[in-house]
Amino acid sequence: MTRAGTVAVVGKPNAGKSTLLNRIVGQKLSITSPKPQSTRDRVVGIHTAGDVQMIISDTPGLLNPQYALQHAMRASAIAALGDADVVVYITDAMQGPPPSLEVAANLERPPRGIVLTALNKVDTISAPQRDSLAAEIPRSFPISALTGEGVDSLLAEVAQLLPESPFFYSADDVGVQSLRFFASELIRETALEQLEQEVPYSVACEIEEFREDRTPVYIRAVMYVERETQKQILIGRQGARIREIGSAARKKIEELVSGKVYLDLWVKVLPNWRRKPRAMRRFGYRLPEGS
Ligand SMILES: Nc1nc2c(ncn2[C@@H]2O[C@H](COP(=O)(O)OP(=O)(O)O)[C@@H](O)[C@H]2O)c(=O)[nH]1
Ligand SMILES: [Mg+2]
């Protein structure tokens with residue numbers, strides 16, 4: 001008899017959702033960043049151990065949407081939440097006792113699945129603080145997505161709660177999204193690392209060509225920004241910034257495809273794309289129904 005089901009990792013921006021997904025699947029599937037709102041759409045990881053298979057969705061941070069892209073991000077998180085057999089509500093333990101998921105996510109009703117609270121970043125607080133916090137919050141698990149502490153206990157509980165079911169994926173699958181998707185995310189992550197303040201939030205990455213049949217693998221990608229001034233920043237003095245982003249991103253993509261890559265990276269302006277549903281769809285961000 002096997003168990004299999006869906007798990008949604010949800011929580012506020014920067015709580016450590018993507019770090020937790022990567023920890024669980026043992027690979028860097030989802031981009032992480034000290035800057036909030038790095039995850040824009042769900043990233044799905046598969047974790048199979050023994051007779052249990054978890055299909056885990058990392059989601060964008062729950063926040064009050066201000067513009068179209070944030071509406072799409074919230075909708076993506078809410079959809080994953082609604083689909084899940086088990087919800088892992090992840091909070092930053094440094095911030096003390098969290099509000100309930102319903103309050104944090106502004107939900108009208110509790111989700112269908114069972115909610116476990118993961119009190120993350122316990123590596124940043126003392127053991128007594130950790131223990132009293134865990135005692136205070138029902139069904140909570142003190143963890144550190146960064147060090148791995150407590151993650152096995154959390155997973156053991158999740159496993160117990162999943163329904164009896166055949167596996168949905170083969171036992172050695174880790175991700176389900178395309179190499180194109182992961183490559184564009186790695187380019188965006190590199191832009192987040194190398195750029196200050198508002199600019200990286202305005203970056204969307206589109207893969208125009210991905211030729212795996214060539215050696216090195218040929219990838220042509222465009223980073224779209226919202227304004228001409230952002231384009232200048234992204235390109236940098238005499239192209240220094242774009243070259244650095246390109247070279248760092250290329251190394252990450254080479255790990256992903258286990259081979260040499262030629263990354264042909266461009267910058268273009270698409271004015272105010274984060275507020276434009278059509279532009280967002282083109283970048284693969286799904287808008288909530290009816291918009
Ligand atoms: N100290 C500490 N930092 C963490 C932990 N988990 C995540 N972080 C950091 O918190 C930041 C946000 O993490 P990320 O996974 O991108 O958060 P997300 O927005 O919820 O997906 C990153 O700088 C992570 O390295 C943890 O357990 N301990
Ligand atoms: Mg994230």
Side-chain angles (χ1 to χ4, degrees), residues 7-45 47 56-65 69-70 72-81 84 87-96 98-99 101 104-105 115-127 129-131 133-134 137 140-155 175 177 181-182 184-197 200-201 203-205 252 284-286:
V7 180
V9 180
V10 302
K12 297 253 163 173
N14 245 19
K17 298 173 292 296
S18 301
T19 308
L20 180 62
L21 177 79
N22 294 343
R23 161 72 49 190
I24 295 172
V25 300
Q27 243 186 62
K28 196 174 111 181
L29 269 193
S30 200
I31 68 171
T32 62
S33 169
K35 300 193 177 85
Q37 300 186 47
S38 48
T39 307
R40 289 190 180 155
D41 199 354
R42 76 164 92 171
V43 177
V44 180
H47 174 70
I56 307 166
S57 292
D58 175 26
T59 65
L62 294 162
L63 43 74
N64 275 331
L69 177 61
Q70 289 183 338
M73 287 161 62
R74 177 176 164 85
S76 164
I78 298 294
L81 192 64
V87 175
V88 174
Y89 168 38
I90 179 165
T91 71
D92 185 337
M94 231 184 336
Q95 295 174 5
L101 174 60
V115 179
L116 306 177
T117 303
L119 305 161
N120 190 33
K121 310 196 185 182
V122 293
D123 56 291
T124 63
I125 59 174
S126 70
Q129 273 177 306
R130 175 196 66 200
D131 296 342
L133 192 57
I137 311 293
S140 71
F141 294 79
I143 67 162
S144 170
L146 204 60
T147 68
E149 177 187 346
V151 173
D152 284 344
S153 323
L154 171 67
L155 289 181
Q177 282 144 315
F181 169 78
F182 291 119
S184 74
E185 288 285 277
L186 290 172
I187 294 169
R188 205 162 58 75
E189 179 184 62
T190 310
L192 273 163
E193 282 162 4
Q194 295 203 15
L195 299 170
E196 300 289 315
Q197 285 150 15
Y201 296 109
V203 174
C205 181
K252 296 180 188 182
Y285 302 124
R286 285 160 299 177

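Atoms within a ligand are numbered from 1 in the order they appear, just like the ligands themselves. Please read all numbers here as calculations on a predicted model, not as lab measurements.
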Novice: Begin with the C-alpha distance, continue with both residues' side-chain angles, and end with the deciding distance and a verdict on side chain to side chain contact (heavy atoms under 4.5 Å, CB included) for His47 and Val7.
Specialist: CA-CA 10 Å; His47 174 70; Val7 180; over 6 Å; no

Novice: When you compare ligand 1 with Gly16, is there at least one nitrogen or oxygen pair between them that comes in under 3.5 angstrom?
Specialist: yes

Novice: Judged on heavy-atom distance to atom 2 (C) of ligand 1, which of Val43, Asp92, Leu146 sits nearest?
Specialist: Leu146

Novice: Take Val88 and Phe141 through the side chain to side chain contact (heavy atoms under 4.5 Å, CB included) test and state the conclusion after the steps.
Specialist: CA-CA 10 Å; Val88 174; Phe141 294 79; over 6 Å; no

Novice: Do me a favour and list the nearest non-hydrogen protein atom to atom 10 (O) of ligand 1 with residue, atom name and distance?
Specialist: Lys121 NZ, 3.1 Å

Novice: Could you check atom 6 (N) of ligand 1 against the protein and tell me its nearest heavy-atom contact, residue, atom and distance included?
Specialist: Asn120 ND2, 3.2 Å

Novice: Search all heavy atoms of Pro200 against all heavy atoms of Arg40 and return the closest pair with its distance.
Specialist: O-NH2, 3.8 Å

Novice: N/O/S of Ser33 less than 2.8 Å from the Mg ion (ligand 2)?
Specialist: no

Novice: Where is the tightest heavy-atom contact between Asn120 and Gly16, given as atom of each residue plus distance?
Specialist: ND2-CA, 3.7 Å

Novice: Hey, does Ser18 come in under 3.5 Å of ligand 1, counting only N/O atoms on both sides?
Specialist: yes

Novice: Geometry only, no angles: is Asp58 polar-contacting ligand 1 at N/O separations under 3.5 Å?
Specialist: no

Novice: So, is Asp123 polar-close to ligand 1, with some N/O to N/O distance under 3.5 Å?
Specialist: yes

Novice: Tell me the protein heavy atom at minimum distance from atom 15 (O) of ligand 1, and give that distance in Å.
Specialist: Thr19 OG1, 2.5 Å

Novice: Can you tell if the side chain of Val122 reaches within under 4.5 Å of the side chain of Leu133, non-hydrogen atoms only?
Specialist: no

Novice: Give a yes or no on whether Ser18 keeps an N, O or S atom under 2.8 Å from the Mg ion (ligand 2).
Specialist: yes

Novice: Identify the protein heavy atom lying closest to atom 19 (O) of ligand 1, giving its residue, its atom name and the separation to 0.1 Å.
Specialist: Asn14 N, 2.9 Å

Novice: What atoms in ligand 1 come closer than 4.0 Å to a heavy atom of Thr32?
Specialist: 15 (O), 16 (O)

Novice: Give yes if a backbone or side-chain nitrogen or oxygen of Ala145 is under 3.5 Å from a nitrogen or oxygen of ligand 1, and no if not.
Specialist: yes

Novice: When you check the gap from the basic side-chain N to the acidic O, do Asp58 and Lys17 get nearer than 4.0 Å?
Specialist: no

Novice: So which heavy atom in the protein is nearest atom 11 (C) of ligand 1, and how far is it from that ligand atom?
Specialist: Ser33 O, 3.6 Å

Novice: Taking all non-hydrogen atoms of both residues into account, name the closest pair between Val10 and Ala77 and its distance.
Specialist: CG1-O, 4.5 Å

Novice: Indicate the atoms forming the closest heavy-atom contact of Tyr201 with Pro36, along with that distance.
Specialist: CE2-O, 2.9 Å

Novice: Could you check whether Asp92 pairs with Lys12 (Lys NZ or Arg NE/NH1/NH2 to Asp/Glu carboxylate O, under 4.0 Å)?
Specialist: no

Novice: List the closest protein heavy-atom neighbour of atom 20 (O) of ligand 1: residue, atom name, distance to the nearest 0.1 Å.
Specialist: Lys17 NZ, 2.6 Å

Novice: Shortest non-hydrogen contact from Lys252 to Thr190?
Specialist: NZ-OG1, 3.2 Å

Novice: Which ligand 1 atoms are under 4.0 Å away from a heavy-atom of Thr124?
Specialist: 1 (N)

Novice: Decide yes or no on side chain to side chain contact (heavy atoms under 4.5 Å, CB included) for Leu20 and Ile143, but give the supporting numbers first.
Specialist: CA-CA 9 Å; Leu20 180 62; Ile143 67 162; 3.9 Å; yes

Novice: Could you say whether the N/O atoms of Ala15 and ligand 1 ever approach to under 3.5 Å?
Specialist: yes

